[in-house]
Amino acid sequence: MRVAMMGSGGDAPGMNPAIKRFVEVAFEMGHEPYFIYDGLEGLIDGKISKAHYKDVAGIIHRGGAIIGSSRSKRWYEQRYRKEAYENLAKEGIEAILVMGGDGSFRAMDVFRKEYDVGFIGIPTTIDNDIYGTDLCLGVDTALNVIRDAVDKIRDTASTFARAFVIETMGRECGYLAAVSAITSGAEVCVIPEVDFDKALATKILRQEIAHGRRYIIAIVAEGTKRTQEIASWLEKDIGMETRVTVLGHIQRGGNPSVKDRLLGFGFAVEALEALARGEKGRVVVYKNGKFSTISLSEALKPYVIDEDILSMLHFLD
Ligand code: F6P
């Protein structure tokens with residue numbers, strides 16, 4: 001079978017290990033592996049070529065994706081999806097493995113309902129906002145980038161007796177902020193999923209400062225859009241000189257962690273095995289340490305952060 005792999009939407013560390021394993025295992029299974037370059041935009045423009053072992057040599061440690069990625073507005077016009085299908089048909093490609101987030105899976109849902117293309121999704125986003133999987137590809141590396149940044153910021157916070165507001169990515173999902181706050185011992189965590197009790201936090205922080213607290217680390221998820229408000233509150237109501245650090249795209253970059261390399265391998269292998277079992281329109285998930293697939297419609301259900309993580313946030317109150 002001719003099977004292609006592509007990235008779609010925001011890149012995440014671990015895509016290159018997944019790409020490498022895809023090529024190796026596809027050959028082992030007797031398939032002909034292909035790459036679609038530059039995501040949905042590239043699919044529309046016919047940027048498709050055969051994959052070779054040499055393409056994936058020396059990429060295991062690299063962040064980003066050697067095959068590129070994109071967000072595509074053209075995809076929402078039927079005439080471009082038709083072009084995309086014709087490009088696949090011309091190459092004889094029967095199935096595509098898409099590394100992406102929920103936006104990419106929605107895009108594929110429209111496509112597979114129009115054309116007979118086998119689709120298997122690999123949840124790839126640092127936001128960790130895909131239903132049914134404990135982890136998406138890239139999350140572990142992003143968490144470690146944030147941990148490293150917070151550790152460094154703490155050096156200045158503690159030396160200068162300052163408050164720092166650190167904004168994490170994640171769109172509407174507070175997973176990155178919540179896990180980072182717990183594992184970095186932040187005093188404040190503001191995420192979209194939980195009401196932040198400012199009055200209670202004011203009382204506690206003032207008491208702690210009276211008992212000698214010298215600095216404050218506050219982690220705020222971008223989805224709350226409250227970064228500046230929290231900074232003004234710390235400065236004016238809590239009375240501590242405050243600085244803001246927006247971590248931005250550094251969270252999406254860097255060498256994939258060991259966990260993300262292993263996840264990349266596992267997601268790619270399970271995707272190929274799912275195709276071999278005759279599955280179509282499925283998404284690979286990693287649940288309780290095992291890989292399996294769920295239907296695309298299930299994967300598109302709204303994501304909810306694990307209760308255990310939310311309950312650990314209470315010690316920050
Ligand atoms: O979905 C991944 C993500 O990094 C989000 O956390 C962030 O809000 C968004 O992508 C940024 O998108 P862009 O790279 O297009 O600015």
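Reckoned from all heavy atoms, side chains included, excluding hydrogens, waters and symmetry mates. Order of listing sets the numbers, starting from 1, for every ligand and every atom in it. Counting begins at 1 with the first residue of the sequence.
Residues that satisfy the side chain to side chain donor-acceptor pair (under 3.5 Å) test with Tyr85, not counting sequence neighbours, are absent from this structure.
Distance CD/Glu83 to CD/Gln78: 10.5 Å, rounded to 0.5 Å. We find the CD1-CE distance between Ile122 and Met6 to be 12.0 Å, quoted to the nearest 0.5 Å.
Nearest non-hydrogen protein atom to atom 8 (O) of ligand 1 is Glu222 OE2, 2.5 Å. Protein heavy atom nearest atom 12 (O) of ligand 1, with residue, atom name and distance: Arg71 NH2, 3.0 Å. Protein heavy atom at the shortest distance from atom 9 (C) of ligand 1 is Arg171 NH2, 3.7 Å. In terms of protein heavy-atom proximity, atom 16 (O) of ligand 1 is closest to His249 NE2, 3.3 Å. Taking atom 5 (C) of ligand 1 as the reference point, the nearest protein heavy-atom neighbour is Asp127 OD1, 3.4 Å. Of the protein's heavy atoms, Arg252 NH1, 2.9 Å lies nearest to atom 4 (O) of ligand 1.
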With a 3.5 Å cut-off and sequence neighbours excluded, list the donor-acceptor pairs that the side chains of residues 50-59 form with protein atoms.
{"residue": "Asp55", "atom": "OD2", "partner": "His52", "partner atom": "N", "Å": "2.7"}

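Relative to the ring axis of Tyr80, Arg74 places its NZ or CZ within 45° and under 6.0 Å from the centre.
Residue Gly170 has at least one N or O atom closer than 3.5 Å to an N or O atom of ligand 1.
Between Trp233 and Thr242, the side chains place no donor N or O within less than 3.5 Å of an acceptor N or O (distance only, hydrogens not considered).
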